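Comments concern the structure below.
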Amino acid sequence: MQLGSDRAYDILRTQHQPLDAIFAPQSIAVIGASERENSVGRTVLWNLISHPFGGTVFPVNPKRHSVLGIKAYPNIAAVPEPVDLAIIATPALTVPSVIGECVDAGVKGAIVLSAGFKEIGIVGAQLEQQVLQEVRRGKIRLIGPNCLGIMNPHTGLNATFASSMALPGKVGFISQSGALCTAILDWSFHENVGFSAFISIGSMLDVGWGDLIDYLGDDPHTESIVIYMESIGNARSFLSAAREVALTKPIIVIKAGRTAAAAKAAASHTGALTGSDAVFDAAFRRTGVLRVKSIADLFDMAEVLAKQPRPKGPRLTIITNAGGPGVLAADALITDGGELAELSKETYQALNQLLPPQWSHNNPIDILGDADPTRYAKALEIIAKDPNSDGLLAILTPQAMTDPTQIAYQLKPLAQIGKPVLASWMGDADVEAGAEILNQALIPTFAFPDTAANVFYYMWRYTYNLRALYETPVLADNGDTCKRTIAETIIQQARQAGRTLLTEVESKQVLAAYGIPTVATQVATSAGEAVKLAEEIGYPVVLKVFSQTITHKTDVDGVHLNLHNADAVGEAYNAIASSITTKVGANSFAGVTVQPMIDLRNSYELILGSSIDAQFGPVLLFGTGGQLVEVFQDRALGLPPLNTTLARRMMEQTRIYKALQGVRGRKAVNLEALEQLLVRFSQLVVEQRLIKEIDINPLLVKAQEISQNSLVALDARIVLHDLNITEVQLPKLAIRPYPTQYVSSWTMQNGMDVTIRPIRPEDEPLMIKLHKTLSEESVYFRYFHLIKLSQRIAHERLTRLCFIDYDREMALVADYQNPETQENELLAIGRLSKLHGTNEAEFAILVSDRYQCQGLGTELLKRLLQVGCDEHLTLISAEILTENSAMQRVCEKLGFRIYPTAETSVVRAEIIT
């Protein structure tokens, strides 16, 4: 028995989307329509009527009976037909009341072109809030204010005051700058670039990045999305939408403000190392979005990713008939971070037999200026087969012996070799025909070879960003090591004492509660006590100042290392006390901590930390640590929560990662253990929201087999949020963490105990096992048609089902651990998926044949309904095959109503929550 159906995972969603009222309206009211020359109201009305879009236009102007020969109406209420879209071009002060009238008239969408809102200061910001109040009073969706408008070139809709209509195409373009929109529009005509949508987003008072990415993600005309961004707005909405859509459609972003100075945080190394622009990079990587540096890159990548497959690695093979251009391409590639492919032995030998003795004998492969089409073709055929290469770049300079057109013909078959092929046909008229042949064959061409090399590197970056979304992580070992209540108690005690800075001892206790090893640390309040503790610990030891106010110990000479005897310990204690008293006052000295001196040989000092970003909330940092951490600036940023795959990606972003893998005879460190530690640290940051900043510096990692001392935090610092901060004011995570509130045990009717919990990315192997237990009937009831097992358990498909965004959907699994084998299996799964742009969701439930009729389906659906209530959904529904009577009975028992549909073989179940 299969319970429920959610076909959205198998076909493109086609249900009505609220933004259709804006992008595909049947009726439009232009409020502020005018005949005044060069006015916004006249221009937008003229654009609408001069580019037929298949709908009706109603001018609204209380002072005129007609505008541009079309009957006008005094207000929106007077328009005789329902209005899908209102375009507002009236003074800012009038906009709140105009939106209110639109809400009362049942208008579904609005575009506010008017300026004069938050960009002018406090008065404008207050106006925006008045507009927002009216928007929230109804169901209207609003783009703007202070925007150029939108175009839908495929329908002819030009709801802007731009001077021209965009060409139809496959690129969805969204810009936060109206002025840039007009410049891009002019450029697109010269470059013959077409658009599926052309959107000026304005101030994002209502409709934001996430809404538009969702809409274009569902739009069949859109193959890629390009964005000019100045600010993120609702970071969580953007990241959520981008992560989902980037799996199927490239999202390429150019973000202004790259050189903005990083915010400085006096109490944290991490704060000094994290700048907002670097956080944007981390956020884009996390969601599979590709960030580029120039507008040309923006559209180059949209074109290339639509034509060529993504490279599987960073290694490029360059073939050229001139040495200089090949070297330029190699320089550009390596400078960006790509690699030159190393020619395999077989490739080298084959090229030796084919090419003149003077060929370069290396990559770039210079086949010399007299290369004819045959030499080019055979050389390309050889290097295309090289397993060491992830992509090809063919460079041609027009020389007396070359035939650019014929060589382009020879290159055409390589467009389908399964790895990207790019070309740089350098020159003008002589190479024009050949370049056109290559472009028609879907081989992108570039005027300059360094540009082509940059494009290849961007392609690899895009692959790399997506890879983290596709890789199945290892289940993190968080179980019994995490003692959340211990950490909470320590933090609350410090706050009750009026402190926002934890001591080193308290900070290490918090880390230990999350299974992060720390060096043994004891407090001494006199020189004699310090000596006694040192002798108990064993020499050599380290003394550090113990203080409730000092953040950086080395800045006040508060650290003494490698103390080998009692005299040295006593002298160090007195020296620290004297230094603190002199530099910051005696009140800051509360004694010293005594710790064993850890052998630093064959080890690395790392930093692990977290601080708050104004837009993205808590941000994680990993990199090279020690006293010179700010000097080396070797760090990677990431957004919590992490899993083992994401932890490894953070590590890979740093230079120290190469050393951690083993270098110059040193063994590699235990990278798996380090991954697990990063995941536990991430969990700490997610759960202990009162922590504002946290540093582990240094985190000592020894290059040896795993042992108790191979990973150890030598020092730690935790800064809490202000004492008067409320729960509501605490920074929110940009990515919703694992919803532990939905984890609980349940007993089936046959007495088996299962854990019902949200699905995890690590569940992919268990999902494969579940699908292997399904009968054809269960598969048919679930998907409305039979799907081969190989398709159902395909890695990319299961990744999307397991690695979910809990803001968008909830999947609950019934997890059973066999008491004999201690192996886990999933007996059932229930999924609740929000519908884009609505406050509604669809559900689906799948139960293994062996465990049907045990109440599992009913229990999962009950819990999904509770999730729907928690998420404030208004409607939950599913389409069910008419013959699936068991599903219908379960739904009716839980309060659903069953309705017939236009398809006689399908009924619809609905419940209002």
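Quick caveat, the model's predicted, so the values are computed rather than measured.
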Would you say that Q729 contacts H721 through its side chain, given a criterion of any heavy-atom pair below 4.5 Å between the two side chains?
no
Donor-acceptor pair, S579 side chain versus V556 backbone, under 3.5 Å?
yes
Can you give me the closest heavy-atom contact between L723 and R495, atom names plus distance?
O-NH2, 3.2 Å
By side-chain contact (heavy atoms from CB on, under 4.5 Å), which residues pair with Q688, not counting sequence neighbours?
R484, A487, E488, I491, Y514, L684, I691
Salt-bridged, K553 to D715, with N to O below 4.0 Å?
yes
The salt bridge (charged side-chain N to carboxylate O under 4.0 Å, His left out) partners of K692 (sequence neighbours excluded) come to none
Side-chain heavy atoms of L674 within contact of F622, under 4.5 Å
yes
Atom pair CG (D722) and OG1 (T500), whose distance is rounded to the nearest 0.5 Å:
7.0 Å
Quick check: do L239 and R243 have side-chain heavy atoms less than 4.5 Å from each other?
no
Do V569 and V594 have side-chain heavy atoms sitting under 4.5 Å apart?
no
Can a donor-acceptor pair be found, under 3.5 Å and without considering hydrogens, that links the side chain of S240 to the backbone of R236?
no
Can you check whether L711 reaches N670 side chain to side chain, under 4.5 Å on heavy atoms?
no
Supply the atom-to-atom distance K508 NZ to I516 CD1, rounded to the nearest 0.5 angstrom.
13.0 Å
Salt bridge E342-R315, side-chain N to carboxylate O under 4.0 Å
no
Set out, in order, the CA-CA distance, both residues' side-chain angles and the distance that settles side-chain contact (heavy atoms from CB on, under 4.5 Å) for L621 and S611, then state yes or no.
CA-CA 8 Å; L621 175 141; S611 62; over 6 Å; no
Within the distance-only criterion (no hydrogens, no angle test), does the side chain of R717 pair as donor or acceptor with the backbone N or O of S507 below 3.5 angstrom?
no
Check whether Y738 forms a cation-pi arrangement with R757 (NZ or CZ under 6.0 Å from the six-membered ring centre, at most 45° off the ring normal).
no
Can you name the nearest heavy-atom pair linking N562 to M597, along with the distance?
N-SD, 3.5 Å
Please find the pair of heavy atoms, one from P737 and one from Y806, that lie closest to each other, and give the distance.
O-CD1, 3.7 Å
Check: C802 and L766 side chains under 4.5 Å, non-hydrogen atoms:
no
Under a 3.5 Å distance rule, please check whether Y464 uses its side chain to pair with a backbone N or O of R285 as donor and acceptor.
no
Do D390 and E339 have side-chain heavy atoms sitting under 4.5 Å apart?
no
Is a side-chain N or O of N363 found less than 3.5 angstrom from the main chain of L316, in a donor-acceptor match?
yes
Check whether any side-chain heavy atom of V669 lies under 4.5 Å from a side-chain heavy atom of S710, and answer yes or no.
no
Quick check on N565: does its CG atom have over 12 non-hydrogen neighbours (other residues, nucleotides or ligands) under 6.0 Å away?
yes
Take R461 and D281 through the test salt bridge (Lys or Arg N to Asp or Glu O under 4.0 Å) and record every step on the way to the result.
CA-CA 12 Å; R461 277 260 310 278; D281 281 339; 5.6 Å; no
I'd like to know whether V505 forms a side-chain contact (heavy atoms from CB on, under 4.5 Å) with F546, so could you lay out the CA-CA distance, the side-chain angles of the two residues, the decisive distance to 0.1 Å, and finally the verdict.
CA-CA 8 Å; V505 173; F546 181 70; 3.8 Å; yes
Check for a donor-acceptor pair, side chain of S610 on one end and backbone N or O of V619 on the other, with a separation under 3.5 Å.
yes
So which atom in Q822 and which in P819 form the shortest heavy-atom distance, rounded to 0.1 Å?
NE2-O, 2.8 Å
Closest heavy-atom contact between I656 and G623?
CG2-C, 4.4 Å
What distance do H560 atom NE2 and L543 atom CG have between them, rounded to the nearest 0.5 Å?
8.0 Å
Can L678 and M651 be said to form a side-chain contact (heavy atoms from CB on, under 4.5 Å), step by step?
CA-CA 10 Å; L678 263 64; M651 293 156 58; 4.1 Å; yes
Nearest 0.5 Å please: distance from the CZ atom of F280 over to the CD atom of Q615.
4.0 Å
Could you note down all residue pairs passing ring-ring contact (aromatic ring centres under 6.0 Å, His included) where residues 567-607 supplies at least one of them, sequence neighbours left out?
Y573-F589
Please determine whether the number of non-hydrogen atoms from other residues, nucleotides or ligands lying under 6.0 Å from atom NZ of K312 exceeds 12.
no
Donor-acceptor pair, distance only, cut-off 3.5 Å: does the side chain of R291 make one with the backbone of F284?
no
Short side-chain to backbone donor-acceptor contact, T489 and T485, under 3.5 Å:
yes
Closest heavy-atom pair, K702 versus I598, reported as atoms and distance to 0.1 Å, is CE-CG2, 4.2 Å
Begin with the C-alpha distance, continue with both residues' side-chain angles, and end with the deciding distance and a verdict on side-chain hydrogen bond (donor to acceptor under 3.5 Å, both in side chains) for T549 and S588.
CA-CA 6 Å; T549 58; S588 295; 3.1 Å; yes
d(I550 CD1, E504 CD) to nearest 0.5 Å is 12.0 Å
Between E652 and R648, does a salt bridge (Lys or Arg N to Asp or Glu O under 4.0 Å) hold up when you go through it step by step?
CA-CA 6 Å; E652 289 173 350; R648 181 65 68 100; 5.2 Å; no
Full working for salt bridge (Lys or Arg N to Asp or Glu O under 4.0 Å) between R649 and E675
CA-CA 10 Å; R649 289 289 168 268; E675 284 175 6; over 6 Å; no
To the nearest 0.5 Å, how far apart are CG in L642 and CD in Q676?
11.5 Å
Assess the side chains of N388 and S344: does a donor N or O sit below 3.5 Å from an acceptor N or O?
no
Is the backbone N or O of L700 less than 3.5 Å from a side-chain atom of S603, with the two atoms forming a donor-acceptor pair by type?
no
Could you tell me whether the side chain of T654 and the main chain of M650 form a donor-acceptor pair under 3.5 Å?
no
For a side-chain contact (heavy atoms from CB on, under 4.5 Å) check, start with the C-alpha distance between R635 and I607, then their side-chain angles and the critical distance, and finish with the verdict.
CA-CA 8 Å; R635 85 285 187 269; I607 183 172; 5.6 Å; no
